[in-house]
Amino acid sequence: MFSVILLQAAMTVLIGLLFWLIQGWVAAYSAWLGGLTALLPNMYFTYKAFQYFGARSIAVIVQSFWAGEMGKLILTALLFAVLFLGVKPLNVLAVFIGYILVQMTSATSLLLTKSFLKR
């Protein structure tokens with residue numbers, strides 16, 4: 001999972017750079033903040049979900065996954081609220097593109113890893 005987080009961080013930086021080159025500074029930091037809005041909750045989930053890796057009790061493992069997912073959802077909502085209320089000017093389209101691309105990065109990297117492991 002650490003490699004997926006690193007890939008998401010790299011994608012966040014890359015998206016910001018691309019928006020900076022194409023549309024300017026406001027779009028760049030908007031895309032970067034959108035990427036961070038996906039990355040930070042995913043980091044929290046990874047920490048919570050794998051906190052008890054190898055635990056003997058399945059209940060503890062399930063509870064840590066549940067706590068990680070609930071925390072991820074709450075953190076995502078809070079980050080979007082702070083972003084839209086506190087950052088001016090903001091390119092909303094760039095925010096959502098950054099968010100979606102970072103989320104897609106995690107999904108596709110897991111699919112690629114799964115197909116790679118089958119070989």
Side-chain angles (χ1 to χ4, degrees):
M1 286 306 294
F2 183 70
S3 61
V4 173
I5 296 294
L6 286 178
L7 188 59
Q8 286 181 326
M11 180 59 84
T12 299
V13 171
L14 180 63
I15 292 166
L17 289 174
L18 288 174
F19 269 94
W20 178 58
L21 292 172
I22 296 170
Q23 292 189 346
W25 176 242
V26 172
Y29 73 73
S30 296
W32 185 67
L33 290 171
L36 283 177
T37 302
L39 176 65
L40 294 175
N42 284 339
M43 289 173 63
Y44 176 80
F45 172 77
T46 301
Y47 168 74
K48 289 300 282 185
F50 297 103
Q51 187 175 13
Y52 297 107
F53 184 72
R56 294 178 190 264
S57 172
I58 192 70
V60 173
I61 294 171
V62 170
Q63 183 179 6
S64 67
F65 267 75
W66 184 85
E69 187 60 31
M70 289 300 108
K72 178 181 170 180
L73 292 173
I74 292 167
L75 188 56
T76 300
L78 286 173
L79 287 172
F80 271 122
V82 168
L83 187 62
F84 290 127
L85 294 174
V87 179
K88 305 290 182 209
L90 189 68
N91 184 329
V92 176
L93 182 62
V95 168
F96 283 116
I97 289 173
Y99 178 81
I100 290 168
L101 287 177
V102 171
Q103 288 289 51
M104 287 175 56
T105 300
S106 89
T108 55
S109 66
L110 291 174
L111 288 174
L112 291 174
T113 302
K114 184 177 179 181
S115 66
F116 178 75
L117 292 175
K118 287 183 179 179
R119 291 181 197 182

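As a basis for the values below, the full set of heavy atoms in this structure was taken, side chains included, without hydrogen atoms, waters or symmetry mates. Predicted, not measured: the structure shown is a model, and the values here were computed from it.
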Closest non-hydrogen atom pair between Gly16 and Ala28, with its separation: O-CB, 3.3 Å

Enclosure of Tyr47 OH (heavy-atom neighbours >12, cutoff 6.0 Å): no

same_hphob_cluster(Val87, Leu79) at 4.5 Å side-chain heavy-atom cutoff: yes

Separation between CD of Gln103 and CZ of Phe96, rounded to the nearest 0.5 Å: 12.5 Å

Rounded distance [0.5 Å steps], OG in Ser64 versus CD in Glu69: 12.0 Å

Derivation of the side chain to side chain contact (heavy atoms under 4.5 Å, CB included) call for Val26 and Leu90: CA-CA 6 Å; Val26 172; Leu90 189 68; 5.8 Å; no

Cluster link Leu83 to Ile100, ILVMFWY, side chain under 4.5 Å: yes

Connected via hydrophobic side-chain network under 4.5 Å: Val13 and Ile22: no

Minimal non-hydrogen separation, Ala31 against Phe19, with atom names: CB-CD1, 3.5 Å

Min side-chain heavy-atom separation Tyr29-Pro89 under 4.5 Å: yes

Gap between atom CE of Met11 and atom CD1 of Ile15 - 0.5 Å precision: 5.5 Å

Spatial distance of atom CG (Leu7) from atom CG (Leu39) [nearest 0.5 Å]: 10.5 Å

Mutual orientation of the aromatic rings belonging to Phe65 and Phe45 [parallel < 30°, tilted 30-60°, perpendicular > 60°]: perpendicular

Leu21-Trp32 co-clustered via ILVMFWY side chain contacts under 4.5 Å: yes

Hydrophobic cluster membership, Leu6 vs Met43, 4.5 Å side-chain cutoff: no

Working for ring-ring contact (aromatic ring centres under 6.0 Å, His included), residues Tyr99 and Phe80: CA-CA 10 Å; Tyr99 178 81; Phe80 271 122; 5.0 Å; yes

Stepwise side chain to side chain contact (heavy atoms under 4.5 Å, CB included) check, Asn91 with Val95: CA-CA 6 Å; Asn91 184 329; Val95 168; 5.9 Å; no

More than 12 heavy atoms of other groups within 6.0 Å of Met104 CE: no

Shortest non-hydrogen contact between Gly35 and Val102, atoms and distance: CA-CG2, 3.6 Å

Atom pair OG1/CG of Thr37 and Leu75 - distance to nearest 0.5 Å: 9.0 Å

Distance, nearest 0.5 Å, that separates CG of Leu17 from OG1 of Thr12: 11.0 Å

